[in-house]
Participant: 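Handing you this structure, nothing more for now.
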Number of protein chains: 2
Amino acid sequence: MADESTVLDLSQLRRSCSSCALSDLCLPAGIGGDDLEKLDMAIRDKRMLDRGGALYRDGDPFHALYVVRSGSLKTFVQDDTGAMQILGFHLPGDIVGFDALATDRHVSQAEALERSSICELPYDRLQQVTSEVPALHRQLMRVVSREVVEEHRHTVVMGRQQAQEQLAIFLKSLSDRYQRLQRDGSMLTLSMSRYDIANYLGLVVETVSRLFSRLEEMGVLEVNRKAVTIRRPDLLAELCRSSSTSPSRQRDNG
Amino acid sequence: MADESTVLDLSQLRRSCSSCALSDLCLPAGIGGDDLEKLDMAIRDKRMLDRGGALYRDGDPFHALYVVRSGSLKTFVQDDTGAMQILGFHLPGDIVGFDALATDRHVSQAEALERSSICELPYDRLQQVTSEVPALHRQLMRVVSREVVEEHRHTVVMGRQQAQEQLAIFLKSLSDRYQRLQRDGSMLTLSMSRYDIANYLGLVVETVSRLFSRLEEMGVLEVNRKAVTIRRPDLLAELCRSSSTSPSRQRDNG
DNA sequence: GGCTCGACTTGATCCAGGTCAATCAGGCAG
DNA sequence: CTGCCTGATTGACCTGGATCAAGTCGAGCC
């Protein structure tokens, strides 16, 4: 697919939503030309994060939302004993930081899974623009609603009883997100570790590792460390629906 | 605690946030007197729902957010096979319906767990007020952020390996919410069924039933059908933290 | 009262996935 | 190159919770 932008482009892209390939998927979606310029004004220079670099930590004061421009992030919470629960993986176009709006402090953490470029949206500037551009308010609510819906999806996956089904859904969903980004949905590059995947799904690493092997044996996947090729998308989709006889998930019985 | 309001009060409360005991916990929090009146204008007459009554269904067009005034709701999604996953239980002051903002259609369902009274906030009116009252925009974002944080909490609980810990956290959190509502946090009335609790936690009903019995044997709870008394809050809190050596939840290991 | 029905509890059994442990494959410093 | 370290895989085993199967309890209804 499209390689890194040339060096010349980079400087131009620095603060321009209109020239960004992600604009349809990102905050500017549905925002018109003039208003888009105003939005551009609210965006601070991009930030680069190396693998493992923290975008924000639990307890940090809230001052901005962040858009993944390239690379990927994970968000997670850690309890007092240091036990971690991964909340999500974030690809280009995803916006993170909404957790802090309620209390003006972040109550989760965001960390780069690989070298990543991030657009920073200082919230005070964003609010300024929002008051001038009503459409942006609506769009902001839409985006945070998307976040809520995404959390619901995660909940549904974790509620599943069959680990294989969980992993299948995880891979399928990643594949779908790749396609929305115009990438080849059958060639995944898992920037997160097996530990991260296991944690995200509520499993242990060994189980995830075994499942990758099993799916490879079944001919569904070809697994080579972080490079996963989906050989049989049809089978994968099938596995997402299989064993839907999962317990306690019968019809609504108020 | 406080019984039903008298008949006389009811008519007055009908559309007045300022006289509502929940106003601190609800949308009006932090909104000043004059602005509060404007907000009141945006609130349609309350709706009553009987047990099992639907507030909205999957696919319904979005036109309002809803606040629980009394009673309780559950929200859930159902897949094509009818399998249900409960997303949350909602007590007075909670706002539901944010799932629909992204797509202008509800992608989950809300149903009353008992006879409940609901404030309806038509979104077009709300947007009207929002444009006049900047503080409301901020407050709306705050509230939806609270929703995101609440989903995170749910994710963390589901990620736990020990079922007993999950149930303990569930009960503790319910107790905390009772206290925020000025109710006795040690006397819970579980308006949801055991099936609902099991589903919410990703367990089966038998396991939940056994856990209630076990916690009763341990002297932590006194269980009488839907009435649950927390006899030893200290022990309950302990159980929420115990077995924190849960797998795949070790320290962050990029 | 006696009947039915649905929510809940309890017991017996089984197995998916967690636990423990050994091994392997890359990446990197020296 | 060697040694080390971390991530990933694989095997052997064991247990917590799912499954299956009987009850029990209370509410509603005739």
Side-chain angles (χ1 to χ4, degrees), chain A residues 50-52 74 83-84 113-114 157-168 189-217 221-228 239 242-254, chain B residues 51-52 74 83 113-114 157-168 189-217 221-228 239 242-254:
Chain A
D50 281 324
R51 174 181 159 79
K74 67 176 172 187
M84 174 179 68
L113 291 167
E114 59 192 310
V157 174
M158 286 191 99
R160 300 267 155 182
Q161 302 296 345
Q162 298 303 313
Q164 179 177 285
E165 203 180 331
Q166 291 183 64
L167 186 61
T189 307
L190 305 180
S191 56
M192 70 294 292
S193 71
R194 299 286 195 266
Y195 280 88
D196 286 342
I197 297 173
N199 182 289
Y200 178 74
L201 298 175
L203 303 170
V204 294
V205 216
E206 294 94 326
T207 303
V208 168
S209 184
R210 270 184 257 271
L211 285 173
F212 271 115
S213 303
R214 196 199 296 176
L215 291 177
E216 193 164 27
E217 273 170 34
L221 303 179
E222 191 173 317
V223 183
N224 196 329
R225 294 184 56 76
K226 300 202 163 292
V228 171
L239 294 175
S242 77
S243 71
S244 63
T245 51
S246 41
S248 90
R249 315 190 75 248
Q250 53 276 98
R251 292 208 71 83
D252 179 16
N253 52 7
Chain B
R51 174 182 160 78
K74 67 176 173 187
L113 292 166
E114 58 193 309
V157 174
M158 287 190 99
R160 301 266 155 184
Q161 301 296 346
Q162 298 304 314
Q164 178 178 284
E165 203 179 332
Q166 291 184 63
L167 185 62
T189 307
L190 305 179
S191 56
M192 69 295 289
S193 72
R194 300 286 194 267
Y195 282 88
D196 286 342
I197 297 174
N199 182 289
Y200 178 74
L201 297 175
L203 303 169
V204 293
V205 69
E206 294 95 326
T207 302
V208 169
S209 183
R210 271 184 257 271
L211 286 172
F212 271 115
S213 303
R214 197 200 292 177
L215 291 177
E216 192 164 27
E217 274 170 33
L221 304 178
E222 190 174 317
V223 183
N224 195 329
R225 293 182 58 74
K226 299 200 163 293
V228 171
L239 294 175
S242 78
S243 70
S244 63
T245 51
S246 41
S248 89
R249 317 191 73 248
Q250 54 275 99
R251 292 207 71 80
D252 180 14
N253 51 8

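Note that the structure is predicted; figures quoted are calculated from it, not measured. Numbered from 1 within each chain, the chains take letters A, B, ... in sequence-line order.
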Participant: Measure from CZ on B:Arg160 to C1' on C:dG17 and round the result to the nearest Å.
Facilitator: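 The answer, rounded to whole Å, is 19 Å.
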
Participant: Starting at the 5' end of nucleotides 10-16 of chain D, put B wherever the base has a protein heavy atom under 4.0 Å, S where only the sugar-phosphate does, and a dash everywhere else.
Facilitator: BBB----

Participant: For A:Ile197 and D:dG7, give me the distance from atom CD1 to atom C1', rounded to whole Å.
Facilitator: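 After rounding, the gap between these two atoms is 12 Å.
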
Participant: What's the CZ-P distance between A:Phe212 and C:dG17, to the nearest Å?
Facilitator: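 The answer, rounded to whole Å, is 15 Å.
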
Participant: What is the distance, to the nearest angstrom, from the CD atom on B:Glu216 to the C1' atom on C:dT9?
Facilitator: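 To the nearest whole Å, that distance equals 12 Å.
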
Participant: From OH of A:Tyr195 over to P of D:dT6, roughly how many Å is that when rounded to an integer?
Facilitator: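 The answer, rounded to whole Å, is 11 Å.
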
Participant: For B:Asn224, what residues pass the side chain to side chain donor-acceptor pair (under 3.5 Å) criterion, not counting sequence neighbours?
Facilitator: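 Counting only residues at least two positions away or on another chain, B:Asn224 forms no side chain to side chain donor-acceptor pair (under 3.5 Å).
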
Participant: In this structure, how many angstroms lie between the C1' atom of C:dG17 and the CG atom of A:Leu211, rounded?
Facilitator: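 Atom-to-atom, A:Leu211 to C:dG17, this comes out as 9 Å.
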
Participant: Do A:Leu167 and A:Ile197 have side chains that approach each other closer than 4.5 Å (heavy atoms only, starting at C-beta)?
Facilitator: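 Yes, at least one pair of side-chain atoms sits under 4.5 Å.
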
Participant: Under 4.5 Å between any side-chain heavy atoms of A:Leu239 and A:Leu215, yes or no?
Facilitator: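 Touching, per the 4.5 Å side-chain cut-off.
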
Participant: With a 3.5 Å distance limit and no angle check, can you tell me whether A:Lys74 reaches the backbone of A:Tyr200 through a side-chain donor-acceptor pair?
Facilitator: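 Judged by distance alone, no pair lies under 3.5 Å.
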
Participant: Closest approach of A:Leu203 and A:Gln166, non-hydrogen atoms and distance?
Facilitator: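 Of all heavy-atom pairs spanning A:Leu203 and A:Gln166, the closest is CD2-NE2, 4.0 Å.
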
Participant: Does A:Arg194 reach the side chain of A:Ser209, with side-chain heavy atoms less than 4.5 Å apart?
Facilitator: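 Not in contact.
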
Participant: Could you state the atom-to-atom distance from CG of B:Leu113 to P of C:dA7 in whole Å?
Facilitator: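 Taking CG of B:Leu113 and P of C:dA7, I get 13 Å after rounding.
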
Participant: Take nucleotides 22-28 of chain C nucleotide by nucleotide from the 5' end and write B, S or -, depending on whether a protein heavy atom sits under 4.0 Å from the base, only from the sugar-phosphate, or from neither.
Facilitator: -------

Participant: Check B:Glu114 against B:Ser191 and note the closest heavy-atom contact, atom names and distance.
Facilitator: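 Nearest heavy atoms, B:Glu114 then B:Ser191: OE2-CB, 3.5 Å.
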
Participant: Taking side chain as C-beta onward, heavy atoms only, is A:Met84 less than 4.5 Å from A:Asn199?
Facilitator: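 Contact flag for A:Met84/A:Asn199 side chains = yes.
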
Participant: With heavy-atom distances below 4.5 Å as the criterion, would you say the side chains of B:Arg51 and B:Leu113 are in contact?
Facilitator: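 A side-chain contact is absent here, since even the closest heavy-atom pair is not under 4.5 Å.
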
Participant: Check the phosphate of D:dG7 against A:Lys226, side-chain N and O only, distance under 4.0 Å to OP1 or OP2. Yes or no?
Facilitator: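 Negative; the distance criterion is not met.
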
Participant: Using five base pairs at each end, measure the axis-to-axis angle across the helix from C:dG1-D:dC30 to C:dG30-D:dC1 and round it to 10 degrees.
Facilitator: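 Taking five pairs per end, the axes differ by 30°.
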
Participant: Roughly, in whole Å, what's the span from CD in B:Glu165 to P in D:dG17?
Facilitator: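 Roughly 10 Å, once rounded to whole Å.
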
Participant: Quick one: list whatever passes side-chain contact (heavy atoms from CB on, under 4.5 Å) with B:Val228, sequence neighbours left out.
Facilitator: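 Partners of B:Val228 by the side-chain contact (heavy atoms from CB on, under 4.5 Å) criterion, ordered by chain and then number, come out as B:Leu188, B:Leu190, B:Phe212, B:Leu221, B:Val223.
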
Participant: For B:Arg214, which residues count as a side-chain contact (heavy atoms from CB on, under 4.5 Å) partner, sequence neighbours excluded?
Facilitator: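 B:Arg214 satisfies side-chain contact (heavy atoms from CB on, under 4.5 Å) with B:Gln164, B:Leu211, B:Met218 only.
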
